[in-house]
Protein chains: 2
Amino acid sequence: MNTCAPRPIVVAQAASASHCANCDARHRSVCNAISTDDLERLAASAIPKVFAKGQLFIEEGEKAGDFFNVTRGTAKLYKMLPDGRQQITGFASAGHFLGLAVSDTYAFSAEAIEPVELCRFSRSKLRVLLDDFPALEKRLLQTACNELVAAQEQMLLLGRKTARERLASFLSTRIAEAAACGEHGSTISLPMTRAEIADYLGLTIETVSRTFTRFKAEGKITLPSRDEVQICDLDWLNGVASGQDHHAFA
Amino acid sequence: MNTCAPRPIVVAQAASASHCANCDARHRSVCNAISTDDLERLAASAIPKVFAKGQLFIEEGEKAGDFFNVTRGTAKLYKMLPDGRQQITGFASAGHFLGLAVSDTYAFSAEAIEPVELCRFSRSKLRVLLDDFPALEKRLLQTACNELVAAQEQMLLLGRKTARERLASFLSTRIAEAAACGEHGSTISLPMTRAEIADYLGLTIETVSRTFTRFKAEGKITLPSRDEVQICDLDWLNGVASGQDHHAFA
DNA sequence: TCAAATCATTGACCTGCATCAAAATCATCG
DNA sequence: CGATGATTTTGATGCAGGTCAATGATTTGA
């Protein structure tokens, strides 16, 4: 069974306490552009939904009728070629806004890689919200700019970095994201499989696995469990990630 | 000498006819969000500039004080690794808005690959414009979304496509862009060198050259000159670009 | 007009990562 | 549990595209 609510569920509250007011992801999502007083307006347009691991909830090429805001869990965003080759363009976790596209069809697919909770906005309802709350639009533009910067960084990775550098960049980014969320440990947990890491980094499963093994053999990381990585030498990791010593052999 | 104005220059007009009103690129840029009546307001904030081929006008990591809107010519946008490896993330031609970044430093560098004319906006002046013209902000968000979609497509290319597919995608996109600008011929002119194409596609100069040669040998394109490509079989090109027949040998 | 510099093409060879193929480990559930 | 299937690791081998090295072609400038 896929149960998706490991935290206490707040059921059928009085109308005054909207689900938006209780949302853990609010402060880190675009919704923080809406003042507390206006949260009910927001809550009226946002329909909470839950998807089990493996469920596809955005499909490339389909009519783009809805926007989503992830409040819990992680989804992979990806594009595919007709013969099945897949490129994951990003992982969306709590606070991530999905569907930013002017076109009337989705440009990518999205699938839950662990139980995902999100809020759904219809295109039309979002338009009304944007007209009523210019701050929300500003916030959305900011978000889009940040994603653009991340996308450029990923292009550098995919176009010019070696397998070692790609995996180091991936781990380095994850550590930084965890730190930004207040988790300052040296261990990160990876909700995605090796196959998904490979599809994100433009590599194969085997190369990802071998590179993990080599990092471990070099004493730079440990692998406490299948989905945990402990970074032993963060400076070294960041150095490799940024492409220093491409041809050094230390 | 680098002279950059092959078209008649409009000099020192009466204040009533602003440079924005005469701008060829206006209708295809974010500036078309501003009504004709308000053009003077826009012109007062936009300072025209010219850069010769080879000039760097945005440098990654520098303080991001200005935004730019290209009105003529082409610039390459790129990121570099410390050892010189370069990834071009895009080519910006007339109508392209540059500098979209929330951070206070530029995330990429920009260099003119042919004489470039552009309008410069200071961060502060742009902010005022955005506050006064919400439509401009909406337009900017649209633009950012479109670039995001293009970036995702490029990630698919860099992460999963073969050299043949990459070059075919590049040519296919260029043909489509030309068509969108009203040029419906089967010949495209490339303002960039082979090295720049390579840095855009995540390949080497040699591989780009060899792939061009093979396409020519297969009768799918001709190369009338160094910077022109004529597409003989557009359907074939689009097929290869979209990754069909990865393992076909026709 | 010609020399020098830049850019493009072509060829020979090499390597990092992909592919193919087991084996080992882990997760799920009857 | 213990069996079954999924995931990960490891090994052997192959190849697409990189590297190195000339040679042509085109542009630039004196």
Side-chain angles (χ1 to χ4, degrees), chain A residues 1-3 52-54 81 83-87 113-114 157-168 189-199 201-217 221-229 240 243 246-249, chain B residues 1-3 52-54 76 81 83-87 113-114 157-168 189-217 221-229 240 243 246-249:
Chain A
M1 279 294 115
N2 282 296
T3 117
K53 178 172 170 171
L81 291 171
D83 63 1
R85 280 173 288 169
Q86 179 175 106
Q87 179 64 41
I113 62 169
E114 58 181 350
L157 181 150
L158 293 170
R160 290 304 182 210
K161 288 186 183 175
T162 65
R164 283 173 74 82
E165 291 166 347
R166 292 181 200 204
L167 189 62
S189 76
L190 305 174
M192 64 290 286
T193 65
R194 298 286 186 268
E196 283 155 350
I197 296 174
D199 281 341
L201 300 178
L203 300 169
T204 58
I205 303 178
E206 293 93 328
T207 299
V208 169
S209 179
R210 274 187 253 268
T211 308
F212 266 124
T213 304
R214 216 170 312 151
F215 284 180
K216 195 171 71 176
I221 65 169
T222 59
L223 299 169
S225 78
R226 192 192 280 250
D227 57 1
E228 278 180 321
V229 186
V240 175
H246 179 198
H247 280 139
F249 38 96
Chain B
M1 283 289 113
N2 282 298
T3 117
K53 178 171 172 174
K76 63 172 174 181
L81 291 171
D83 63 359
R85 281 173 287 169
Q86 179 175 107
Q87 179 64 42
I113 61 169
E114 57 180 352
L157 179 149
L158 293 170
R160 291 302 183 210
K161 289 186 182 175
T162 65
R164 283 172 74 84
E165 289 164 349
R166 292 181 198 205
L167 189 62
S189 76
L190 305 174
M192 64 290 287
T193 65
R194 297 287 187 267
E196 284 156 350
I197 297 174
D199 281 341
Y200 180 57
L201 299 179
L203 300 169
T204 58
I205 303 177
E206 293 93 328
T207 300
V208 169
S209 181
R210 275 188 252 269
T211 308
F212 266 125
T213 305
R214 213 170 315 150
F215 284 180
K216 194 171 73 175
I221 66 169
T222 59
L223 299 169
S225 78
R226 192 194 279 253
D227 58 0
E228 280 181 320
V229 186
V240 175
H246 179 196
H247 280 140
F249 36 99

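It should be emphasised that the depicted structure is a prediction, and the values quoted were computed from it without experimental measurement. Residue numbering restarts at 1 for every chain, and letters A, B, ... go by the order of the sequence lines.
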Check the pair B:Gln86 / B:Lys76 against side chain to side chain contact (heavy atoms under 4.5 Å, CB included), numbers first and verdict last.
CA-CA 11 Å; B:Gln86 179 175 107; B:Lys76 63 172 174 181; 3.4 Å; yes

Side chain to side chain contact (heavy atoms under 4.5 Å, CB included) evaluation trace for A:Met192 with A:Glu114:
CA-CA 8 Å; A:Met192 64 290 286; A:Glu114 58 181 350; over 6 Å; no

Before giving the answer on side chain to side chain contact (heavy atoms under 4.5 Å, CB included), spell out for B:Leu223 and B:Phe215 the whole-Å C-alpha distance, their side-chain angles and the decisive distance to 0.1 Å.
CA-CA 10 Å; B:Leu223 299 169; B:Phe215 284 180; over 6 Å; no

Full working for side chain to side chain contact (heavy atoms under 4.5 Å, CB included) between B:Leu203 and B:Arg210
CA-CA 11 Å; B:Leu203 300 169; B:Arg210 275 188 252 269; over 6 Å; no

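At a threshold of 4.5 Å between non-hydrogen side-chain atoms, the residues A:Thr207 and A:Phe212 do not count as touching.
Rounding to the nearest 0.5 angstrom, the gap separating the CZ atom in B:Arg194 from the CD atom in B:Glu206 is 12.5 Å. Here the OG1-CG distance, from B:Thr193 to B:Asp227, works out to 11.0 Å after rounding to the nearest 0.5 Å. Here B:Leu190 contributes atom CG and B:Arg226 contributes atom CZ; the two are 12.5 Å apart, rounded to the nearest 0.5 Å.
A donor-acceptor distance shorter than 3.5 angstrom exists from the side chain of B:Arg166 to the backbone of B:Leu201, with no hydrogens or angles considered. With A:Thr213 contributing its side chain and A:Ser209 its backbone, the two residues share a donor-acceptor pair below 3.5 Å.
A salt bridge between B:Arg85 and B:Asp199 is absent, with no side-chain N of the basic residue lying under 4.0 Å from a carboxylate O of the acidic one.
Rounded to an integer number of Å, the gap from B:Glu114 CD to D:dT27 P is 15 Å. Between the CG atom of B:Asp227 and the C1' atom of D:dT27 there is a distance of 12 Å, rounded to whole Å. B:Lys53 has its NZ atom 12 Å from the P atom of C:dT6, to the nearest Å. Rounded to a whole Å, the CD1 atom of B:Ile113 is 16 Å from the C1' atom of C:dT6. If you measure from atom CZ of B:Phe212 to atom P of D:dA25, you get 19 Å, rounded to the nearest angstrom. The distance from atom CD1 of A:Ile197 to atom C1' of D:dT9 is 14 Å, rounded to the nearest whole Å. Nucleotide D:dT8 holds its C1' atom 14 Å from the CD atom of A:Glu196, rounded to whole Å. In this structure, B:Leu223 places its CG atom 18 Å from P of C:dC7, rounding to the nearest Å.
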Contact pattern, 5' to 3', of nucleotides 10-20 of chain D - B, S or - by protein heavy atom under 4.0 Å
BBB----SSBB

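At its two ends the helix from C:dT1-D:dA30 to C:dG30-D:dC1 runs along axes set 40° apart, each axis drawn from five pairs and the angle rounded to 10°.
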Every protein N/O lying under 3.5 Å from an N/O of nucleotides 22-24 of chain D:
none

